[in-house]
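Fair warning: this is a prediction, and the values are worked out from it, not measured in the lab.
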There are 2 protein chains.
Amino acid sequence: MKRAKKKIFADFIAQRGLKTTKQRDIILDSFLSSDRHLSIEELYLKLRAKHPNIGYATVYRTLKLFAEAGLAREMQFGDGQTRYEHVGEGEHHDHLVCTRCGHIEEFENETIEKLQDEVANSRGFLVERHRLELYGLCSGCRK
Amino acid sequence: MKRAKKKIFADFIAQRGLKTTKQRDIILDSFLSSDRHLSIEELYLKLRAKHPNIGYATVYRTLKLFAEAGLAREMQFGDGQTRYEHVGEGEHHDHLVCTRCGHIEEFENETIEKLQDEVANSRGFLVERHRLELYGLCSGCRK
DNA sequence: AAGTCGATGAATATCACTTTCATGATGGCG
DNA sequence: CGCCATCATGAAAGTGATATTCATCGACTT
Ligand SMILES: [Mn+2]
Ligand SMILES: [Mn+2]
Ligand SMILES: [Zn+2]
Ligand SMILES: [Zn+2]
């Protein structure tokens with residue numbers, strides 16, 4: 001699965017006439033083996049341990065590339081940092097966010113998705129994407 | 001209704017030991033007679049026409065006050081600007097956002113709200129608030 | 001091997017707030 | 001009323017995250 005995503009990125013790079021670099025390989029590998037929902041800075045700091053020579057700007061630009069390649073999605077959970085989450089082929093999910101510890105859980109609910117479309121249709125909207133986030137206390141933080 | 005909201009703000013001001021000012025009166029009046037979902041800058045520019053002496057910082061601080069007083073809610077629709085929308089007593093709604101013209105519509109759907117609670121319960125989350133936004137083309141922009 | 005053009009990293013710029021500070025207003029009190 | 005302790009205001013400066021610039025490096029073509 002990691003292999004498949006690397007292939008997707010390699011194809012994207014080739015098709016756009018871009019170049020394979022050591023940094024991109026390292027950043028992609030690290031991204032793929034990371035927690036979902038990482039901020040630029042989090043990934044940058046994680047990388048810096050083993051690769052002190054990789055710059056923040058490169059991490060920033062590379063994550064943007066991942067998003068363009070369809071490997072990542074930019075998310076905003078209101079904490080002031082853009083987070084990048086992993087995206088699988090044709091996958092979709094929404095989020096539960098803990099306002100105390102920052103824990104993020106994902107969920108899917110077909111019925112909700114369907115109702116959203118109905119609402120949009122009734123208003124003449126053509127929906128391209130949506131965001132549904134539930135903020136509150138996770139089970140751990142409720143105690 | 002405008003009168004009622006002015007009363008709410010006056011009470012809030014009094015109860016907090018703050019002061020009535022010409023600027024606050026003007027800004028509140030303008031906010032109440034504006035489009036829903038205004039950014040700080042939009043309201044500032046609108047005001048500047050008739051009141052060139054009112055500063056950006058005052059508009060900024062006053063909108064924050066409205067939010068604290070329960071008259072306004074801060075919203076983020078991903079265009080890089082915080083927007084303030086009108087809040088009515090105990091009201092709630094979600095949004096349809098046009099990605100082409102910026103038009104914003106509101107909707108309510110009890111069934112979706114109920115399903116959200118079910119999802120949260122099944123994960124042990126206690127939901128405090130949520131955001132549901134549908135992004136796409138409004139009926140006008142689809143043509 | 002050389003040349004071309006994209007990639008990198010450090011530094012700088014942007015952008016939307018957010019705070020500071022000197023000065024101006026408000027309103028409780030005598 | 002008139003004082004004056006406080007709060008409010010506006011211009012300017014500060015912040016923090018993101019975005020861009022620029023000199024230099026390194027891939028890939030020939
Ligand atoms: Mn996710
Ligand atoms: Mn609204
Ligand atoms: Zn938690
Ligand atoms: Zn539109």
Side-chain angles (χ1 to χ4, degrees), chain A residues 9-31 37-69 72-84 102, chain B residues 9-31 37-69 72-84 102:
Chain A
F9 189 61
D11 291 349
F12 172 82
I13 286 291
Q15 176 241 325
R16 289 258 286 245
L18 305 179
K19 287 168 182 169
T20 303
T21 69
K22 210 165 194 168
Q23 288 90 335
R24 285 175 177 165
D25 287 345
I26 292 169
I27 295 170
L28 178 54
D29 196 69
S30 183
F31 176 69
H37 316 112
L38 277 177
S39 70
I40 302 167
E41 175 136 35
E42 285 168 351
L43 183 51
Y44 169 64
L45 291 177
K46 179 181 170 187
L47 279 162
R48 211 174 51 172
K50 277 189 188 294
H51 306 279
N53 47 319
I54 293 183
Y56 180 96
T58 300
V59 177
Y60 162 79
R61 287 184 287 229
T62 305
L63 282 171
K64 289 271 183 207
L65 271 190
F66 293 168
E68 286 184 61
R73 184 162 64 129
E74 291 188 4
M75 303 288 325
Q76 268 290 164
F77 293 113
D79 65 346
Q81 304 218 175
T82 299
R83 294 178 177 282
Y84 288 80
Chain B
F9 190 60
D11 291 347
F12 172 82
I13 286 293
Q15 178 241 323
R16 289 258 286 244
L18 305 179
K19 286 168 182 170
T20 304
T21 69
K22 211 165 193 168
Q23 288 90 336
R24 285 175 177 166
D25 287 346
I26 293 169
I27 295 170
L28 178 54
D29 196 70
S30 183
F31 176 69
H37 316 112
L38 277 175
S39 69
I40 301 167
E41 174 135 35
E42 285 168 352
L43 184 52
Y44 168 65
L45 292 176
K46 180 181 171 189
L47 280 162
R48 212 174 49 173
K50 278 188 188 294
H51 307 279
N53 47 319
I54 292 183
Y56 178 95
T58 299
V59 177
Y60 161 78
R61 287 184 287 230
T62 304
L63 281 172
K64 289 271 184 205
L65 272 189
F66 293 168
E68 287 184 61
R73 184 162 62 129
E74 292 189 3
M75 302 288 327
Q76 267 290 163
F77 294 113
D79 64 345
Q81 304 216 178
T82 299
R83 293 177 178 283
Y84 287 80

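Within residues 19-29 of chain B, the residues that have a heavy atom under 4.0 Å from DNA chain D are, in order of number, Lys19(B), Thr21(B), Gln23(B), Arg24(B).
Counting all heavy atoms, side chain and backbone alike, His37(B) lies closest to Arg83(B) at O-NH1, 2.9 Å.
Counting to the nearest Å, the C1' atom of dT18(C) and the CD atom of Glu74(B) are 12 Å from each other. The CG-P distance, from Leu18(B) to dG28(C), rounds to 13 Å in whole Å. Protein atom CD of Glu68(A) is 11 Å distant from nucleotide atom P of dA7(C), rounded to whole Å.
Taking Asn53(A) as the reference, nothing meets the side-chain hydrogen bond (donor to acceptor under 3.5 Å, both in side chains) condition, with sequence neighbours excluded. When the side-chain hydrogen bond (donor to acceptor under 3.5 Å, both in side chains) test is applied to Thr82(A), the partners found at least two apart in sequence or on another chain are Gln76(A). In this structure, Arg48(B) has no salt bridge (charged side-chain N to carboxylate O under 4.0 Å, His left out) partners at least two apart in sequence or on a different chain. Looking at residues two or more places apart in sequence or on another chain, you find a ring pair (Phe, Tyr, Trp, His ring centres under 6.0 Å) between Phe31(A) and Phe66(A), His86(A). For Asp29(A), the side chain to side chain contact (heavy atoms under 4.5 Å, CB included) partners two or more places apart in sequence, or in a different chain, are Lys2(A), Lys6(A).
Running 5' to 3' along DNA chain D, contacts with non-hydrogen atoms of chain A at under 4.0 Å begin and end at dA17(D) to dC28(D).
Among pairs with a residue in residues 54-66 of chain A, those fulfilling side chain to side chain donor-acceptor pair (under 3.5 Å) read Lys64(A)-Glu74(A), at least two apart in sequence or across chains. For residues 9-24 of chain A, every residue pair satisfying the side chain to side chain donor-acceptor pair (under 3.5 Å) rule, not counting sequence neighbours, is listed here: Lys7(A)-Asp11(A), Arg16(A)-Glu68(A).
Note on Lys64(B): every side-chain N or O is 4.0 Å or more away from OP1 and OP2 of dC17(C). An OP1 or OP2 oxygen of dA7(C) is reached within less than 4.0 angstrom by no side-chain nitrogen or oxygen of Thr58(A).
Taking the nucleotide of DNA chain C with the nearest heavy atom to each of Thr62(A) and Ser39(B), the more 5' of the two is matched to Thr62(A).
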Nucleotides 10-15 of chain C: protein proximity per nucleotide (B base, S sugar-phosphate only, - neither; heavy atom, under 4.0 Å): B-----
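Using a 4.0 Å heavy-atom distance criterion, Gln81(B) is classed as a sugar-phosphate-only contact.
Five base pairs at each end of the helix from dA1(C)-dT30(D) to dG30(C)-dC1(D) define two local axes, and these are offset by 10° (rounded to 10°).
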